[in-house]
Amino acid sequence: LKPWPARPKYGQVRTDGYASKLEAAVRELLGFREKAGEIRDIQRGRVHLTCGIYWNVDFNFEDVKTGARVYCEAKGFETERYRLLKKLWAGGFGPGDLEIWKGDYRRPRLDEVIRPKKARA
């Protein structure tokens, strides 16, 4: 007999290869923004913050107006690790702006944009 698959820790449901329905909905919105010409080159990726600390951001893309790389996270449940990574990002370790999307998969909303502090010269 095979054991039952583990229930997701926070109750999320994998959808279309994404970790949650919210993440899939955010990707769909990014696709609409890409078709409208606002953004391009949507990717998934891992960001090195500091001293061996990495954040697997859900998405990143290029802003067509500025040419800057923007990072995107769909967050349904805030963990302690997430709060720590968010502080590191805001403290100047993040490579660019970070969009935090929250809400429900039926109505995802852009909750905040974190702009990392500039490094001191």
Side-chain angles (χ1 to χ4, degrees):
L1 288 172
K2 289 186 179 181
W4 289 96
R7 200 175 117 243
K9 192 171 185 178
Y10 301 108
Q12 71 273 24
V13 177
R14 289 190 67 82
T15 304
D16 299 329
Y18 297 102
S20 68
K21 289 180 181 181
L22 176 60
E23 191 175 313
V26 169
R27 175 57 180 93
E28 185 177 24
L29 287 174
L30 292 178
F32 293 144
R33 288 174 65 186
E34 188 174 40
K35 284 181 183 175
E38 295 176 18
I39 65 173
R40 68 172 160 240
D41 192 29
I42 301 170
Q43 301 175 4
R44 304 189 91 176
R46 182 172 154 163
V47 177
H48 178 257
L49 294 177
T50 183
C51 301
I53 298 175
Y54 293 88
W55 188 344
N56 291 324
V57 292
D58 293 330
F59 309 102
N60 63 76
F61 54 85
E62 183 183 336
D63 185 315
V64 172
K65 278 187 180 178
T66 64
R69 201 97 199 135
V70 178
Y71 301 84
C72 185
E73 181 72 18
K75 192 51 65 185
F77 185 84
E78 291 190 14
T79 62
E80 196 61 40
R81 176 172 164 63
Y82 163 74
R83 287 190 280 273
L84 172 67
L85 293 174
K86 194 167 111 170
K87 284 180 186 177
L88 285 171
W89 195 289
F93 293 100
D97 290 354
L98 174 67
E99 294 183 351
I100 306 291
W101 290 79
K102 291 186 177 179
D104 184 87
Y105 72 95
R106 292 166 288 210
R107 295 184 91 175
R109 70 182 191 288
L110 181 58
D111 189 61
E112 66 179 312
V113 176
I114 299 172
R115 292 187 168 79
K117 292 180 183 174
K118 299 290 182 203
R120 295 182 185 175

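Treat the numbers as computed from the prediction; the structure is a model and nothing was measured.
Between Leu110 and Trp101, some side-chain heavy-atom pair lies under the 4.5 Å cut-off. Between Arg27 and Arg44, the closest side-chain pair of non-hydrogen atoms is not below 4.5 Å. Counting only heavy atoms from C-beta outward, the side chains of Phe93 and Ile53 never approach each other to under 4.5 Å.
Side chain of Glu73 to main chain of Asp58: a donor-acceptor pair is present (N/O by atom type, distance under 3.5 Å, no hydrogens or angles).
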Original post:
Hey, mind stepping through Trp89 and Tyr71 against ring-ring contact (aromatic ring centres under 6.0 Å, His included) and telling me if it holds?
Top reply: CA-CA 11 Å; Trp89 195 289; Tyr71 301 84; 5.3 Å; yes
**OP:** Quick one: do Val64 and Glu38 satisfy side chain to side chain contact (heavy atoms under 4.5 Å, CB included)? Show the steps, please.
**Re:** CA-CA 6 Å; Val64 172; Glu38 295 176 18; 5.9 Å; no
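Taking both residues in full, the closest heavy atoms of Leu22 and Gly103 are given as CD2-O, 3.9 Å, listed atom of the first, atom of the second, then distance. Across Pro108 and Ala25, no two heavy atoms sit closer than the pair CG-CB, 4.0 Å. Residues Ala74 and Val26 share a closest heavy-atom pair of CB-CG2, 3.9 Å. Taking each heavy atom of Cys72 and Leu30 in turn, the nearest pair found is SG-CD1, 4.1 Å. In plain terms, the two heavy atoms of Gly94 and Pro116 that are nearest each other are O-CG, 3.4 Å. Nearest approach of Glu23 to Tyr18, heavy atoms of both residues: OE2-CD2, 3.6 Å.
Ile42 and Val57 fall into different hydrophobic clusters, where Ile, Leu, Val, Met, Phe, Trp and Tyr side chains are chained together by heavy-atom contacts under 4.5 Å. Connection of Val113 to Val70 is established within a shared hydrophobic cluster, with ILVMFWY side chains joined at heavy-atom distances below 4.5 Å, either directly or through further cluster members.
Note that the OH atom of Tyr105 and the OG atom of Ser20 stand 11.5 Å from one another [nearest 0.5 Å]. Taken to the nearest 0.5 Å, the NZ atom of Lys86 stands 6.0 Å off from the CD1 atom of Ile100. Interatomic distance, CG of Asp97 versus CG of Asn60, reported as 12.5 Å (0.5 Å rounding). Rounding to the nearest 0.5 Å gives a distance of 10.0 Å between CZ of Phe59 and CG of Leu29. Rounded to the nearest 0.5 angstrom, Thr79 OG1 and Leu84 CG are separated by 9.5 Å. How far CZ of Arg109 is from CG of Asp104: 10.0 Å, rounded to the nearest 0.5 Å.
Partner of Arg33 under the salt bridge (Lys or Arg N to Asp or Glu O under 4.0 Å) criterion, chosen from Glu28, Glu62, Glu99: Glu99.
The neighbour count for Arg83 CZ, taken as heavy atoms of other residues, nucleotides or ligands under 6.0 Å away, is above 12.
Ion pairing between Lys65 and Asp63 fails under the 4.0 Å rule for side-chain N and carboxylate O.
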